[in-house]
Protein chains: 2
Amino acid sequence: MRSRKEKWQVAVLEILQASEKPMSAYDVLGELRNANPRIAPPTIYRTLSYLVEKGRAHRLESLNAYIACKNHKHDKSAVITICEDCGAVDEYVATDVLKVLSNVIAHSGFATLRHVIELQGVCENCGFEQTSV
Amino acid sequence: MRSRKEKWQVAVLEILQASEKPMSAYDVLGELRNANPRIAPPTIYRTLSYLVEKGRAHRLESLNAYIACKNHKHDKSAVITICEDCGAVDEYVATDVLKVLSNVIAHSGFATLRHVIELQGVCENCGFEQTSV
DNA sequence: TTAGATTATGTTATATTATAACATAATTGT
DNA sequence: ACAATTATGTTATAATATAACATAATCTAA
Ligand SMILES: [Zn+2]
Ligand SMILES: [Zn+2]
Ligand SMILES: [Zn+2]
Ligand SMILES: [Zn+2]
């Protein structure tokens, strides 16, 4: 039998996967309330935390928002691009970047546990739209 | 004559510089209220935005907090390390990292305007403390 | 120098994001 | 079944951030 915990995780992941754009915790909450009007913020924050821990979703720190992971080729750390125009988000594998990063901080004795690498900018589509006016 | 705007910026920057650790906007607000009890959140958020735009301060997206810039060798983009144990923050010049990053996303057509690169982990001091127990 | 336009600041209220605290329910191990 | 543990529900509130608009300062050009 699937536990309640797992049911929430599946429901939230499906909502995130169905969205073209990052969703705030309260966006997800709104969707969940269609089926279950009494659900409260802690439930959704807990569920999002589990999903992020497992790598099934990512939290975008610069947006306070969440996406479903759509690129399982990375263990933990992805490079994430965020279009400021249309909100589209993509993930890239970051192995090389992490290598260079560890060189940059090599002499400091800092032991990295988690990377946040988010690039804000303009995606290909929006760039073309802008120049074609 | 120094404008009101500049006075706030100087005051906020001094507060950030005096702090060993990142401060939330409301931390800064609390300090400013010692001298000026009626100051309100928008003033401090505006001032922090100006300082961040000018590169005199950085916003740490993964902490919702701010630091004074203490490494003017970077134009815009720094690599920032954040110790989860003691809260200490350091900045590193990111030129190489940015180069590799642009390779990673080269084929996507994404034009990067702003980098958020924040490493969560354990600083040298806290690492030694942990292993010496 | 002053009227009008523009920009910056102050002020009030409120929106958004997130968690504390504790009660209840489910699950686990014996 | 029972106690111990973990997960969930629930209420309230904390923490972060901005909208909206009033007021004040600054700038520009007659
Ligand atoms: Zn991913
Ligand atoms: Zn776009
Ligand atoms: Zn800096
Ligand atoms: Zn430390």
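Just so we're on the same page: letters track the sequence lines, and every chain starts at 1. Keep in mind that what you see is a predicted model, and the values were worked out from it rather than measured.
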Handout entry: Strand-adjacent residues in residues 21-37 of chain A, judged by heavy atoms under 4.0 Å from DNA chain C
Key = A:S24, A:Y26
Exercise for the section: State, yes or no, whether a side-chain contact exists between A:V28 and A:T47 at a heavy-atom distance under 4.5 Å. Expected result: no
Can you see if the side chain of [X] gets near the phosphate of [N] - specifically, an N or O under 4.0 Å from OP1 or OP2?
X	N	answer
B:T43	C:dG10	yes
B:N64	D:dA15	no
B:W8	C:dG10	yes
A:R59	C:dT17	no

Report the distance from atom [atom1] of [X] to atom [atom2] of [N], rounded to the nearest whole Å.
X	N	atom1	atom2	result
B:I44	C:dT11	CD1	C1'	16 Å
A:L60	C:dT16	CG	P	19 Å
B:L48	D:dT16	CG	C1'	12 Å
A:K7	D:dG9	NZ	C1'	15 Å
B:I39	C:dT11	CD1	P	10 Å
A:R38	D:dA12	CZ	P	12 Å
B:L63	D:dA15	CG	C1'	14 Å

Handout entry: Angle by which the axis turns from one end of the helix from C:dT1-D:dA30 to C:dT30-D:dA1 to the other, five pairs per end, to 10 degrees
Key = 30°
Handout entry: Sugar-phosphate, base or nothing in reach of B:R46, heavy atoms under 4.0 Å
Key = base
Fill in the blank from the handout: Per nearest nucleotide of DNA chain D, the residue lying toward the 5' end, A:A40 or A:Y50, is A:Y50
Practice task
Answer with yes or no whether the hydrophobic clustering places B:I39 together with B:Y50; edges join I, L, V, M, F, W, Y residues whose side-chain heavy atoms lie under 4.5 Å apart.
Solution key: no
Practice task
Verify the cluster assignment for B:I117 and A:L98: are they in a single hydrophobic cluster under the rule of side-chain heavy atoms below 4.5 Å apart?
Solution key: yes
